[in-house]
Amino acid sequence: MPAYDDANIFARILRGEIPCTKVYEDEVCLAFMDIMPQVEGHVLVIAKSPSRTLLDADPAALSALMPRVQRIGRAAVAALKADGLTLMQFSEATAGQTVFHLHFHLLPRREGVPMRPHEGPTAKPEVLGALAERIRAELP
Ligand code: 5GP
């Protein structure tokens, strides 16, 4: 497998070089709105510790990350009044990964609303900002 390369776009977001619509941040993770949402309320949770995929992640970092994924997932489901949550993680391009920094996709799902394709149209910043605020309001 290729080595981690910190020129990727999520590493640049972590360094503050590129803006994001933030939902939550602590010492373990950063959560922000996906710029090309596949459903309303599509959130990305990215690890702060550098790894390219799930496959090369430090198990200790993963065990700290997963409770955050659950907490932010619960908040997204509550904020969107969703019926469920799709959790996606792609490791390597063959599996669909396009940004090579470990991240989880949280997609609040509603009955009868299909998921749009990966890498669809870009959402308006004000729409993402309003959704992030609603999700933040549901975080304990
Ligand atoms: P992957 O295919 O690597 O699992 O997912 C990468 C995700 O990052 C995609 O859903 C894509 O829409 C999102 N994305 C790519 N570039 C940016 C960006 O600059 N900002 C944000 N917020 N999301 C991004």
Side-chain angles (χ1 to χ4, degrees):
M1 297 283 178
Y4 180 77
D5 175 358
D6 74 359
N8 73 76
I9 202 149
F10 291 170
R12 299 189 63 199
I13 286 176
L14 278 176
R15 291 195 295 269
E17 295 167 9
I18 293 176
C20 69
T21 306
K22 194 186 291 187
V23 173
Y24 175 81
E25 182 171 17
D26 65 14
E27 72 286 1
V28 171
C29 75
L30 172 66
F32 54 90
M33 304 308 294
D34 195 299
I35 206 167
M36 291 173 268
Q38 290 180 252
V39 293
E40 195 181 30
H42 182 168
V43 176
L44 298 171
V45 180
I46 76 173
K48 284 222 170 154
S49 69
S51 75
R52 183 176 159 89
T53 72
L54 183 73
L55 303 172
D56 65 339
D58 171 9
L62 268 184
S63 55
L65 190 57
M66 289 317 289
R68 271 88 173 169
V69 169
Q70 184 193 46
R71 197 183 314 148
I72 298 159
R74 283 177 173 164
V77 165
L80 275 293
K81 301 194 184 346
D83 307 302
L85 181 79
T86 297
L87 179 65
M88 301 195 302
Q89 197 287 317
F90 307 127
S91 288
E92 296 300 340
T94 306
Q97 188 177 14
T98 59
V99 180
F100 298 97
H101 179 110
L102 176 64
H103 58 279
F104 292 87
H105 296 257
L106 275 56
L107 299 126
R109 302 302 303 277
R110 303 185 70 160
E111 205 54 55
V113 180
M115 242 165 66
R116 294 187 286 269
H118 202 44
E119 308 236 294
T122 302
K124 290 193 173 77
E126 60 272 23
V127 171
L128 294 181
L131 285 163
E133 204 173 310
R134 281 167 58 192
I135 298 169
R136 264 197 310 274
E138 296 291 344
L139 280 168

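In listed order, ligands and their atoms are each counted from 1. Residue indices begin at 1 and follow the sequence shown.
Closest heavy-atom contact between A132 and K22: CB-O, 3.8 Å. Taking every heavy atom of both residues into account, L65 and A47 meet most closely at CD2-CB, 3.9 Å. Here the shortest heavy-atom pairing between P108 and G41 reads CD-O, 3.3 Å. In this structure, T53 and S91 approach most closely via the heavy-atom pair CB-OG, 3.3 Å.
An N or O contact shorter than 3.5 Å links M33 to ligand 1 by distance. Ligand 1 has no N or O atom lying under 3.5 Å from any N or O atom of H42, backbone or side chain. Between E119 and ligand 1, no pair of N/O atoms sits closer than 3.5 Å. Of the polar atoms of V99, at least one N or O is found under 3.5 Å from an N or O of ligand 1, judged by distance alone. For the pair H105 and ligand 1, the shortest N or O to N or O distance falls below 3.5 Å.
Annotation for ligand 1: atoms under 4.0 Å from non-hydrogen atoms of F32 are 21 (C), 22 (N). In summary, the atoms of ligand 1 found under 4.0 Å from a heavy atom of Q97, numbered by their order in the structure, are 2 (O), 3 (O). Atoms of ligand 1 lying under 4.0 Å from any heavy atom of G96, numbered from 1 in the order shown and given with element: 2 (O).
With N8, D34, I9 as candidates, the residue nearest to atom 10 (O) of ligand 1 on a non-hydrogen basis is D34. The option with the heavy atom closest to atom 3 (O) of ligand 1, from among T98, L107, V43, T122, is T98.
Neither the backbone nor the side chain of F104 comes within contact range of ligand 1; no heavy atom lies under 4.0 Å. Contact annotation: for F100 versus ligand 1, there are no heavy atoms closer than 4.0 Å. Under 4.0 angstrom from ligand 1, the non-hydrogen atoms of L44 all belong to its side chain.
With hydrogens left out, the protein atom closest to atom 2 (O) of ligand 1 is H118 NE2, 2.5 Å, a heavy atom. The closest protein non-hydrogen atom to atom 8 (O) of ligand 1 is F10 CZ, 3.3 Å. Scanning all protein heavy atoms for the shortest distance to atom 23 (N) of ligand 1 gives I35 N, 3.3 Å. The shortest contact between atom 1 (P) of ligand 1 and any protein heavy atom is with H103 NE2, 3.2 Å.
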Exercise. R68 and E27: salt bridge (Lys or Arg N to Asp or Glu O under 4.0 Å), yes or no, with the steps?
Worked result: CA-CA 11 Å; R68 271 88 173 169; E27 72 286 1; 3.3 Å; yes
Problem set entry | Steps toward ring-ring contact (aromatic ring centres under 6.0 Å, His included) verdict (H101, Y4) | CA-CA 8 Å; H101 179 110; Y4 180 77; 5.5 Å; yes
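Relative ring orientation between H42 and H105 is described as tilted, the plane-to-plane angle lying within the 30° to 60° band.
Salt bridge annotation for R15-E17: present, with a cationic side-chain nitrogen under 4.0 angstrom from a carboxylate oxygen.
Sorted by first then second residue, the salt bridge (Lys or Arg N to Asp or Glu O under 4.0 Å) pairs that include residues 44-63, not counting sequence neighbours, are E25-K48, R52-E92. Within the structure, salt bridge (Lys or Arg N to Asp or Glu O under 4.0 Å) pairs that include any residue of residues 100-119 do not occur (at least two apart or interchain).
Looking at L102 and F10, their side chains never come closer than 4.5 Å, going by heavy atoms from C-beta outward.
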